[in-house]
Number of protein chains: 2
Amino acid sequence: MAKLDFGPIADTTRRAEIVALLRRAILTGQLEPGQKLNELRISEQMRVSRAPLREAMRELVQEGILTSIPYAGTFVIDVTAKDIADAYSLNKVLDDFAIELTWPQRDQRFFDELDRRHEAVKQATRALDTTRQIETALQLHGLIYEWADNSVLLETWQRLTSRLQMYFALHQRARNEPVPTEDLHETYVALLKGADMRAAQRHAREHIDDDFEELLAYARGLEKRVAKGAD
Amino acid sequence: MAKLDFGPIADTTRRAEIVALLRRAILTGQLEPGQKLNELRISEQMRVSRAPLREAMRELVQEGILTSIPYAGTFVIDVTAKDIADAYSLNKVLDDFAIELTWPQRDQRFFDELDRRHEAVKQATRALDTTRQIETALQLHGLIYEWADNSVLLETWQRLTSRLQMYFALHQRARNEPVPTEDLHETYVALLKGADMRAAQRHAREHIDDDFEELLAYARGLEKRVAKGAD
DNA sequence: CCTTGTTAGATTGTCGACAATCTGCTTGTC
DNA sequence: GACAAGCAGATTGTCGACAATCTAACAAGG
């Protein structure tokens, strides 16, 4: 018998779907930082009772993209320049580690997947789909974490990713520019295929620097931003 | 007027208390890995309805010490040798980073706090309080993370800590020995007070190795362990 | 004018009941 | 005896209603 492995069955709970909906709304910037999430209103919009909604919100609070104050409400996290800088510096350290772990495990399947994800980024770029471009770029970047075969590291990266995606989406929204059309990932992919691990790590660090520089400048700009209630 | 800053007010929701109770039960090993958490039974024991209990469980699932299967139940995570090894190797990387960030910020308050926590470990050791010894040792270890002034790093560490505490508690329980009476942290504390950062980092790595070696051997032993349902 | 106490409205936290789903056993058939 | 279908019990997921708490507006008093 062929050794085909089935993926996990779909989560058939309302809770899971709510989590996905809310997460997407937050990560794409449809829900702004600091904004309050009114349970009654959202539950009515989604045609769902408050119970699964509240459970979903609990999950997102632990995921780090919502924050909750008892009897006051649940809010989208505020984004400060320091948060971004913190995430950024940790990301550098984790990238280094992920590349180190992945390096000896690279094989043809890894290279194929690398190309596939790279292609997805290029496609989103051509289509001028900003949101998707951010998504695919992070997925490309995430491959080294999936390949590193360290479950704790992967989890950590996924938590970090949520915020990174949010930060980038906010940035793009603010700039309101279409999208960079050049390909920033060519060298990254090439180095991951090559033989010099140190070079790949070095490039990853610098690559991250490029991505974050603008982001930080932007974040410092809205540092004085005031959290605004919902409605 | 004196500039005294008030700490945050106590969480007065049942949910928060339930989270604390459950976490403690899991981290001290009172709830065994793989064990199922029956909502009705627990809610009756705690004299609480299922709503806040379920929300609490959602939080702990995201915290990584519970796992949930829709319509099947919520379980304490299984502990495999690989999980421990993964957490351990990541911990080494994070320690390195935390020490690097903390290093230039060390001051008298840091040293005082370091001594305070070290003292707490020694006291728990003298009292032969195993659980508390693990707790205080992790708190001592956590100081470099609190001092690093990187919120994302701190969060990551706290997530990791939950599991580490669980692993160590399980180990201690299995060995059923009182506790090592010697002081393993003397050198660690001394190096953090010293002038050689590299030496401190190197020692941290080796220090972790010592702690984990036993733990790994133990975990490999029960690798064949079968998840057992509740009741 | 500022402060303090009160009150109404809105929102979050919690509860008990019902619906959907799973599990194990029984039954019937071959 | 093996195996599928179906049923009963238990457990999780969801709902609507009620209780606890917060917020903001307003009144009373200094």
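Owing to the predicted nature of the structure, the values given are computational and were not obtained by experimental measurement. Protein chains get the first letters and strands the later ones, always in sequence-line order, with residue 1 at the start of each.
No hydrogens or angles considered: nothing links the side chains of A/Ser43 and A/Arg54 as a donor-acceptor pair under 3.5 Å. Side chains of B/Glu63 and B/Ser162: a donor-acceptor N/O pair is present below 3.5 angstrom, by distance only.
Residue B/Arg15 is in sugar-phosphate contact alone, with no base atom involved, counting any heavy-atom pair closer than 4.0 Å across all strands shown.
Atom-to-atom, CZ of B/Arg41 to P of D/dT12 comes out at 10 Å; the value is rounded to the nearest Å. Nucleotide C/dT12 holds its P atom 7 Å from the CE atom of A/Met57, rounded to whole Å. In this entry the distance linking CG of B/Asn38 with P of C/dC22 reads 17 Å, nearest Å. Counting to the nearest Å, the P atom of D/dT21 and the OH atom of A/Tyr71 are 5 Å from each other. In this structure, A/Glu55 atom CD and C/dG13 atom C1' are separated by 13 Å, rounded to whole Å. Here C/dC15 presents its C1' atom at 15 Å from CZ of B/Arg47, a figure rounded to the nearest Å. Rounded to whole Å, the distance from CG on B/Leu53 to C1' on C/dG13 is 14 Å. Protein atom CD of B/Glu17 is 9 Å distant from nucleotide atom P of C/dT14, rounded to whole Å.
Under the 30°/60° scheme for interplanar angles, the aromatic rings of B/Tyr145 and B/Trp157 are found to lie parallel.
Side-chain proximity of B/Arg54 to the nucleotides D/dT12, C/dG13, C/dC15 is greatest for D/dT12. Set against D/dT12, D/dT21, C/dC15, the side chain of B/Val48 has C/dC15 as its closest nucleotide. Here the nucleotide nearest the side chain of A/Lys36, chosen from D/dC15, D/dT12, C/dT12, is C/dT12.
Judged by closest nucleotide on DNA chain C, A/Gly73 is the one of A/Gly73 and A/Ala51 placed further toward the 5' end. If you find the closest nucleotide of DNA chain D to B/Ile69 and to A/Ala72, the one lying nearer the 5' end belongs to B/Ile69.
For the pair B/Ser49 and C/dC15, the criterion of a side-chain N or O lying under 4.0 Å from OP1 or OP2 is met. Between A/Arg50 and the phosphate of D/dG16, there is no side-chain N or O to OP1/OP2 separation shorter than 4.0 Å. Checking the phosphate oxygens (OP1, OP2) of D/dC15, a side-chain nitrogen or oxygen of A/Arg14 falls inside 4.0 Å.
A salt bridge links B/Arg116 with B/Glu113: the distance from a Lys NZ or Arg NE/NH1/NH2 to an Asp or Glu carboxylate oxygen falls below 4.0 Å.
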### Task
Starting from the C-alpha separation in whole Å, work towards a yes-or-no answer on side chain to side chain contact (heavy atoms under 4.5 Å, CB included) for A/Thr136 and A/Leu140.
CA-CA 6 Å; A/Thr136 51; A/Leu140 169 62; over 6 Å; no
